[in-house]
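Structure, as structure tokens:
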Amino acid sequence: MTTAIYPGSFDPITNGHLDILRSGSEIFDKVIIAVSYNIEKKGFLTVDERLKLIRESVKDLKNVEVDSFEGLTVDYAKKRGTHVLLRGLRTASDFEYELQLSQTNNYLSKDIKTVFLITKPEYNFISSSMVREILSNKGDIKPFVPNPVYDYLMANCDI
Ligand code: ADP
């Protein structure tokens, strides 16, 4: 049985993240989507809010678990008993960053393997930071995020 960890900030989760997660859940027996956080860094949403929104957005995916962790991803992977990481790729600049990250993780933990999935073209330009930017300028974020995220942000973000 192969379990993959899909780590990220997910602040908030977008349709692009969800697409990678869906594909990953078809490939692996189980995928753990894990919010990585740093207690000293304040995000846009709290970790609990992000987890709640991810849980509501992945309800239909039976082999997906939602979790969070602080610290190194390789240590979290070890704790969860797996050596496979899942990451998404959008652009060449993602590739540059992900290459470095993957090689660093591999240096830190020899067994770790990162599997990359390429995003669908329609999700190519979607990022959490872009969603936050549109929201802060009162633009429409509905096309970019799962419904639970849209509903929550509309109801709770008094921008
Ligand atoms: P991080 O802060 O670790 O980059 P993110 O939440 O931004 O975390 O992203 C987590 C993963 O999802 C990364 O591999 C990122 O490249 C990927 N990702 C982000 N947005 C998209 C998207 N629109 N399509 C496909 N993959 C994406």
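Whatever order the structure lists them in is the order used to number ligands and atoms, beginning at 1.
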In this structure, atom 4 (O) of ligand 1 is nearest to the protein heavy atom R87 NH2, 3.4 Å

Hey, is R22 close enough to E26 for a salt bridge, meaning N to O under 4.0 Å?
no

Please determine if T14 has a nitrogen or oxygen closer than 3.5 Å to a nitrogen or oxygen of ligand 1.
no

Against heavy atoms of G16, which atoms of ligand 1 measure under 4.0 Å?
22 (C), 23 (N), 24 (N), 25 (C)

Using heavy atoms and a threshold below 4.0 Å, how should the contact between F125 and ligand 1 be classified: side chain, backbone, both, or neither?
neither

Which residue holds the protein heavy atom closest to atom 26 (N) of ligand 1, what is that atom called, and what is the gap in Å?
I20 CG1, 3.5 Å

With a 4.5 Å limit on heavy-atom distance, are the side chains of L89 and E98 in contact?
yes

Does an N or O from T119, backbone or side chain, lie closer than 3.5 Å to an N or O of ligand 1?
yes

Any V35 side-chain heavy atom under 4.5 Å of S9 side chain:
no

Below 4.0 angstrom from a heavy atom of Y6, which ligand 1 atoms are there? Numbered from 1 as shown, please.
11 (C), 12 (O), 17 (C)

Regarding ligand 1, does Y97 bring an N or O atom to under 3.5 Å of one of the ligand's N or O atoms?
no

Above 12 or not: heavy atoms from other molecules or residues under 6.0 Å from CZ of F95?
no

Any nitrogen or oxygen of D11 lying under 3.5 Å from a nitrogen or oxygen in ligand 1? Just yes or no.
no

Are any of the side-chain heavy atoms of I13 and L18 separated by less than 4.5 Å?
yes

What atoms of ligand 1 come within less than 4.0 Å of a heavy atom belonging to I126?
20 (N), 21 (C), 22 (C), 23 (N)

K30 side chain near T2 side chain, heavy-atom distance below 4.5 Å:
no

Proximity to ligand 1 by part of S36, non-hydrogen separation under 4.0 Å
neither

Go through ligand 1 atom by atom and flag the ones less than 4.0 Å from a non-hydrogen atom of P7.
10 (C)

Has K42 got its NZ or CZ under 6.0 Å from the middle of the six-membered ring of F44, at an angle within 45 degrees of the ring axis?
no

Looking only at atom types and distance, does a side-chain atom of S23 sit under 3.5 Å from a main-chain N or O of D19, one as donor and one as acceptor?
yes

Nearest protein heavy atom with distance in Å, relative to atom 9 (O) of ligand 1:
H17 NE2, 3.3 Å

Any idea which atoms of ligand 1 are less than 4.0 Å away from a heavy-atom of D94?
16 (O)

Verify same cluster id: V115, Y123 (apolar side-chain graph, 4.5 Å)
yes

Does ligand 1 come near enough to F10 that some N or O of the ligand is less than 3.5 Å from an N or O of the residue?
yes

Does R132 reach the side chain of P12, with side-chain heavy atoms less than 4.5 Å apart?
yes

Would you say L117 and I27 make side-chain contact, with heavy atoms under 4.5 Å?
yes

Nearest non-hydrogen atom to atom 20 (N) of ligand 1 belongs to which of E122, R90, E98, K120?
R90

Would you check whether G88 has a nitrogen or oxygen atom less than 3.5 angstrom from a nitrogen or oxygen atom of ligand 1?
yes

Identity and separation of the nearest protein heavy atom to atom 8 (O) of ligand 1:
S9 N, 3.1 Å

